[in-house]
Amino acid sequence: MGIIVNLDVMMAKRKVSLNELSERVGITPANLSILKTGKAKAIRFSTLEILCKELECQPSDILEYQDKTINP
Amino acid sequence: MNKRLKIITIAVSVIYAVIFIGNTYREMIGFRQGFKLGWNEGREYAINEKLGLPITKTFFVSLKPEDGPYTFPTTTLNQVPVKAEIKKMSIQATYMKEEVPKGLRIAEGWAIFLVFPVLLYIIVMIPIQVFRIVHSVTKNKVFDPWNINRLRKIGNALLIFYVVCLAWDYFSYRIATHVVHVEGYSLQIDWGNITLILLGLVMLMFAEVLKVSVKLKEEQDLTV
């Protein structure tokens, strides 16, 4: 998939751990880990909203599109 | 676990077990008798074929009355003329092997050679797959990806079962047309139990439905 999840980058920037963030947003660490490792197939708007609110960022800071067909 | 699903699963298991045990018991008795008869007939067949004598073989054929009144039984109790078909009767015919084309004899031999291992595999495999599906459902794993393969195996097995039986019947019928003549009747090919095709295709269809369901479930599980 061409969508890259940069949640780990944002978490590092805000210096917040996975468990701490999961407690703050009310998502289980297992589900947050699925999102962080890029295994997630979809993300709810409500989840994105609460993550942006807690990490004080925009959706584009968490999600990024990369064209797989272009080889650098 | 869903209550309705549980009830259906239990009902399927019980009915399948009753049918399987009943059929196995009945078929075992028939198999013993048939095997003894076939063994003796086959031995005699081989000896006579070697010596160039006429060979005797039992054919299982279906007969359809040709145009005209039916002769057996002539009438019913209230004297109404009857015309009916005869499904799967056995006719013992004695003939010279040269009466049947060589290619047909070889084809029938191969069909008989292939029928038994295929049928044995299917008879053993289907109950195992049904048991595994029921087991996974009772363990609340309806969307187990293995169930797709299990359903596909059952569906394909039912279709193969039908095709193999039909091939054997077809070659037997073709040979019978060369050596069996019944006055007033024409030989008919028996198309077997067509319900098996329907059941096989329904199983394959359910396998594809389950495949889509498993994919949806996976997406659902990976939605955060």
Side-chain angles (χ1 to χ4, degrees), chain A residues 1-70, chain B residues 1-10 12-13 125 128-159 200-224:
Chain A
M1 197 158 65
I3 301 291
I4 313 286
V5 180
N6 289 324
L7 185 65
D8 48 349
V9 177
M10 283 311 296
M11 282 165 62
K13 277 183 185 171
R14 301 288 183 260
K15 292 187 176 64
V16 61
S17 71
L18 187 87
N19 285 329
E20 195 185 335
L21 184 64
S22 80
E23 275 175 27
R24 276 160 57 181
V25 297
I27 299 170
T28 62
N31 275 343
L32 217 51
S33 177
I34 287 170
L35 188 63
K36 198 182 123 187
T37 51
K39 287 178 187 168
K41 297 247 178 181
I43 181 167
R44 290 189 192 95
F45 279 145
S46 56
T47 308
L48 198 57
E49 188 185 334
I50 202 161
L51 283 172
C52 289
K53 190 180 172 187
E54 286 300 325
L55 295 170
E56 292 169 352
C57 63
Q58 292 298 313
S60 60
D61 296 327
I62 296 173
L63 301 175
E64 183 190 339
Y65 171 70
Q66 268 185 14
D67 195 348
K68 281 170 95 177
T69 54
I70 299 165
Chain B
M1 190 181 162
N2 188 326
K3 198 180 170 186
R4 192 181 289 176
L5 185 62
K6 198 172 184 176
I7 292 167
I8 292 170
T9 310
I10 291 168
V12 167
S13 310
M125 193 270 286
I128 291 172
Q129 299 304 330
V130 170
F131 172 76
R132 282 179 175 168
I133 290 172
V134 168
H135 183 73
S136 73
V137 171
T138 51
K139 294 279 173 191
N140 214 4
K141 290 178 183 168
V142 186
F143 296 105
D144 185 355
W146 284 101
N147 281 347
I148 302 168
N149 284 340
R150 287 165 193 155
L151 280 174
R152 276 187 188 152
K153 275 185 187 173
I154 293 172
N156 288 330
L158 290 171
L159 294 179
L201 290 174
V202 167
M203 285 289 172
L204 290 178
M205 193 182 78
F206 274 126
E208 293 311 306
V209 170
L210 189 65
K211 191 182 167 187
V212 175
S213 310
V214 167
K215 201 180 167 192
L216 287 175
K217 175 83 166 61
E218 196 183 295
E219 279 187 8
Q220 170 75 21
D221 288 346
L222 291 173
T223 298
V224 182

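Just so it is clear: chains get the letters A, B, ... in the order the sequence lines come, proteins before strands, and each one is counted from 1.
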* **Approximate separation, where rounding is to 0.5 Å, of Leu35(A) CG and Leu222(B) CG** => 11.0 Å
* Asked: Can you name the side chain to side chain contact (heavy atoms under 4.5 Å, CB included) partners of Pro145(B), sequence neighbours left out?
  -> Val214(B)
* Structure fact -> Okay, Ile27(A) and chain B: the region with an atom under 4.5 Å from a heavy atom over there is side chain
Short donor-acceptor separations (under 3.5 Å), chain B to chain A:
{"unit_1": "Leu222(B)", "atom_1": "O", "unit_2": "Lys41(A)", "atom_2": "N", "d": "2.9"}
{"unit_1": "Val224(B)", "atom_1": "N", "unit_2": "Ala42(A)", "atom_2": "O", "d": "3.1"}
{"unit_1": "Val224(B)", "atom_1": "O", "unit_2": "Arg44(A)", "atom_2": "N", "d": "3.0"}
{"unit_1": "Val224(B)", "atom_1": "O", "unit_2": "Thr47(A)", "atom_2": "OG1", "d": "3.1"}

Under 3.5 Å, which donor-acceptor pairs do the side chains of residues 200-212 of chain B form with other protein atoms, sequence neighbours left out?
{"unit_1": "Glu208(B)", "atom_1": "OE2", "unit_2": "Arg152(B)", "atom_2": "NE", "d": "3.3"}
{"unit_1": "Glu208(B)", "atom_1": "OE2", "unit_2": "Arg152(B)", "atom_2": "NH2", "d": "3.1"}

